[in-house]
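A short write-up of the structure that comes next.
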Amino acid sequence: MASKKGIVITVVILAAITAASFLFWAIPQDNPSTLVVSDYENYLDGVMNIHEVLQESIETEFQNLLDKKMSPDEYIAITDVTTSQVTAQISEFITSKPTKEWQDSYISHMEALKKFNSYVIETKVFANMIKNNNTDTEILQKIDVLKSESHELLKKSDSLRPK
């Protein structure tokens, strides 16, 4: 004969499976999510602040990598987190649907985020090169160009803000 504890555990598991199945059935699956923004200026300011923090952080950590204060593996882990965060920011931009007056500024900032993401990825490539004792100065030039392009797009985004 089964114990009371076994019966209770079985009932709890069956209830959880039933509840999860019901939620899966009840919640529509084809409903695209949209980020609703009503204050476009403050939203863009918030994204700019996040971008700035990520940028300062990755630049500091990259310098630590170059100064051998950090291992390539540690740096690669940081870049993985950073690219994930930047990708999330880009996704939010895509779903935010700004008004016409804010579109150009938003698009420029989204492009800046994409360039920054490319910059982070290239620094990760460089970290892998260090790890494999195979560095190349051309990649450092490419990293500088991507960083510069990202900064220019940020300036452009700021200049395109509605007055």
Side-chain angles (χ1 to χ4, degrees), residues 20 23-24 27-163:
L23 285 176
F24 184 74
I27 298 172
Q29 299 300 311
D30 295 333
N31 187 9
S33 62
T34 302
L35 178 66
V36 178
V37 175
S38 58
D39 187 347
Y40 298 103
E41 182 176 14
N42 281 331
Y43 176 73
L44 189 56
D45 288 342
V47 172
M48 289 180 91
N49 289 336
I50 292 168
H51 186 161
E52 188 177 304
V53 168
L54 291 173
Q55 196 168 3
E56 288 173 5
S57 172
I58 204 72
E59 287 173 8
T60 300
E61 300 303 344
F62 187 60
Q63 190 59 50
N64 286 339
L65 174 72
L66 295 174
D67 295 341
K68 297 183 175 144
K69 295 178 183 175
M70 173 183 287
S71 75
D73 287 332
E74 290 172 315
Y75 183 77
I76 290 167
I78 291 169
T79 62
D80 288 340
V81 171
T82 303
T83 56
S84 172
Q85 292 171 328
V86 173
T87 301
Q89 290 294 314
I90 292 168
S91 296
E92 284 183 15
F93 262 109
I94 291 169
T95 61
S96 67
K97 301 185 190 232
T99 60
K100 283 193 183 269
E101 65 182 348
W102 282 97
Q103 279 181 353
D104 291 337
S105 182
Y106 269 54
I107 289 169
S108 291
H109 196 95
M110 185 172 62
E111 292 301 319
L113 284 167
K114 288 178 181 179
K115 286 288 182 186
F116 176 65
N117 212 21
S118 296
Y119 160 78
V120 174
I121 291 167
E122 288 302 317
T123 63
K124 179 180 177 179
V125 169
F126 188 75
N128 276 312
M129 293 172 102
I130 290 173
K131 186 176 172 181
N132 297 325
N133 295 321
N134 185 21
T135 57
D136 182 5
T137 56
E138 280 185 33
I139 195 162
L140 288 174
Q141 292 170 342
K142 184 176 182 180
I143 288 168
D144 286 338
V145 167
L146 289 168
K147 181 178 171 182
S148 174
E149 289 174 348
S150 178
H151 283 290
E152 290 304 313
L153 285 164
L154 286 174
K155 288 179 189 174
K156 180 179 177 184
S157 171
D158 200 38
S159 72
L160 292 171
R161 284 174 169 240
K163 304 294 181 214

Nearest heavy-atom contact between Ala127 and Leu65 is CB-CD2, 3.7 Å

If I compare all heavy atoms of Pro72 with all of Ile130, which pair ends up nearest, and what's the gap?
CG-CG2, 3.8 Å

Quick note, ring-ring contact (aromatic ring centres under 6.0 Å, His included) partners involving residues 73-92, not counting sequence neighbours, are Phe62-Tyr75

Correct closest heavy-atom pair for Asp104 and Leu160 would be O-CD1, 3.7 Å

Which atom names give the shortest non-hydrogen contact between Ser159 and Lys163, and what distance separates them?
O-NZ, 4.2 Å

Run the side-chain donor-acceptor check on residues 49-58: report pairs under 3.5 Å with partners two or more places apart or on a different chain.
{"residue": "Asn49", "atom": "ND2", "partner": "Asp45", "partner atom": "O", "Å": "3.4"}
{"residue": "His51", "atom": "ND1", "partner": "His109", "partner atom": "NE2", "Å": "3.4"}
{"residue": "Gln55", "atom": "NE2", "partner": "His151", "partner atom": "NE2", "Å": "3.0"}

CD1 (Ile78) and CE (Met70) are apart, to the nearest 0.5 Å, by 3.5 Å

Taking atom CE of Met110 and atom OG of Ser91, what is their separation to the nearest 0.5 Å?
10.0 Å

Does Ser108 use its side chain to pair, donor to acceptor, with the backbone of Ser105 at less than 3.5 Å?
no

Go through Phe116 and Thr82 one step at a time and tell me if the side chain to side chain contact (heavy atoms under 4.5 Å, CB included) criterion holds.
CA-CA 10 Å; Phe116 176 65; Thr82 303; 4.1 Å; yes

Going by salt bridge (charged side-chain N to carboxylate O under 4.0 Å, His left out), name the residues that satisfy it together with Asp158, two or more places apart in sequence or in a different chain.
Arg161

Assess whether a salt bridge exists between Lys124 and Asp80, defined as any Lys/Arg side-chain N lying under 4.0 Å from an Asp/Glu carboxylate O.
yes

Just how far is it from atom CD1 of Ile76 to atom CG of Asn128, taken to the nearest 0.5 Å?
3.5 Å

Looking at Tyr106 and Tyr40, would you say the former's side chain and the latter's main chain have a donor-acceptor pair under 3.5 Å?
yes

Partners of Asp136 by side chain to side chain donor-acceptor pair (under 3.5 Å), sequence neighbours excluded?
none

Between the NZ atom in Lys114 and the CD1 atom in Ile107, the distance rounded to the nearest 0.5 Å is 9.5 Å

Does Leu44 reach the side chain of Ser157, with side-chain heavy atoms less than 4.5 Å apart?
yes

Could you give me the CA-CA distance, side-chain angles and deciding distance for Leu66 and Phe126, then say whether side chain to side chain contact (heavy atoms under 4.5 Å, CB included) is met?
CA-CA 10 Å; Leu66 295 174; Phe126 188 75; 3.4 Å; yes

Taking only residues two or more places apart in sequence or in another chain, which ones pass salt bridge (charged side-chain N to carboxylate O under 4.0 Å, His left out) with Asp73?
Lys131

Just so I know, are the side chains of Val86 and Val120 near enough to count as touching, which here means a heavy-atom distance under 4.5 Å?
no

Would you list the atom pairs, donor with acceptor, under 3.5 Å between side chains in residues 141-150 and any protein atom, with sequence neighbours excluded?
{"residue": "Glu149", "atom": "OE1", "partner": "Lys115", "partner atom": "NZ", "Å": "2.9"}
{"residue": "Ser150", "atom": "OG", "partner": "Ala112", "partner atom": "O", "Å": "3.1"}

Point-to-point distance, once rounded to the nearest 0.5 Å, from CD of Glu101 to CD of Glu41
10.0 Å

